[in-house]
Amino acid sequence: MNDHELQVDKSKLKTDELVQIALGIGAGIIDVVVISTDNISVKEDLADMCRKPRCAFYGLSANCPPYVSGPSGFRDMLKISAYVLAIKIDVPSGWLITDERLVMMRLLHEIVADIERSAIKLGYSRSKAFAAGSCKEIFCNRHLSCRMLTNNGECRNPQYARPAIEAYGIDVHELNKTAGWFKSQDLIETALDKASTSAIYGLVLIGY
Ligand code: SF4
């Protein structure tokens, strides 16, 4: 056990407190589930999909490949995490092909970043948030270049822009199963008379 692990009292992981904080930040639009780090599935072939077929934002942001640590880096981050908060926002599927998609993704980035900050304040100094979508599209679409990759190297939106979850090969299908969300999705669809719904996802690694 290293020095960092010794500082963590594993009987007091503040899990319930952090979930309540996350639900408060999410203001009724998010689902939050606590997941063991062992149950997060990370796959190289999923991360490779940023490159082939090439995402329109590949290489355009410091928070996207090839500038992020990918699946191997994510596994290293899991090793220094006590647990993971999985975050989901349900959206009408039609929104994902309109500008509403960017509004919701921006909201998701803002929520997971605020949860990350709360975890750090509670003592989990190496907490780290991830969210769906490229911050280049979400926050910097009107700018030619990512500022972290050019000029003075400072992010224009450090408070909220977070790395793209897709870049790390997170298996969202497995995440849905682990979180028990397939069932709730079925119930939502029944309640909406089978109206089509989709979801966007974020993760906050509660790192110590
Ligand atoms: S400057 Fe813009 S594109 Fe670059 S990391 Fe920050 S938010 Fe993302």
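Both ligands and their constituent atoms are indexed starting at 1 by order of listing. The analysis underlying the following values was restricted to heavy atoms, covering all of them including side chains, and did not include hydrogens, waters or symmetry mates. Note that the structure is predicted; figures quoted are calculated from it, not measured.
Note that NZ of K88 is 13.5 Å distant from CG of L203, once rounded to the nearest 0.5 Å.
The nearest N, O or S atom of C146 is not closer to atom 6 (Fe) of ligand 1 than 2.8 Å. At least one N, O or S atom of C135, from either the backbone or the side chain, sits less than 2.8 Å from atom 8 (Fe) of ligand 1.
The nearest heavy-atom contact from the protein to atom 2 (Fe) of ligand 1 is C140 SG, 2.3 Å. Annotation: atom 6 (Fe) of ligand 1 to nearest protein heavy atom, C155 SG, 2.3 Å.
Put simply, F57 and Y201 are part of two different groups of oily side chains (I, L, V, M, F, W, Y) that touch within less than 4.5 Å, one to the next. Linking ILVMFWY residues whenever their side-chain heavy atoms come closer than 4.5 Å, directly or via other members, places L23 and V34 in the same cluster.
Counting heavy atoms from C-beta outward, I40 and L78 have side chains that approach closer than 4.5 Å.
Listed by atom number, the atoms of ligand 1 under 4.0 Å from N63 heavy atoms are 5 (S). Of all atoms in ligand 1, listed by their number and element, those nearer than 4.0 Å to a heavy atom of R156 are 1 (S), 6 (Fe). The distance from ligand 1 to the heavy atoms of M148 drops below 4.0 Å at these ligand atoms: 5 (S). Set against the non-hydrogen atoms of N157, the atoms of ligand 1 under 4.0 Å away are 7 (S). Ligand-side atoms of ligand 1 in range of A161: 7 (S), range being under 4.0 angstrom from any heavy atom.
Surrounding CG of D45 are more than 12 heavy atoms belonging to other residues, nucleotides or ligands, all under 6.0 Å away.
For the side chain to side chain donor-acceptor pair (under 3.5 Å) criterion with E116, the lone passing option out of K121, R162, K128 is R162.
Proximity of the aromatic rings of Y168 and F130 is defined here by a centroid distance below 6.0 angstrom, and this criterion is met.
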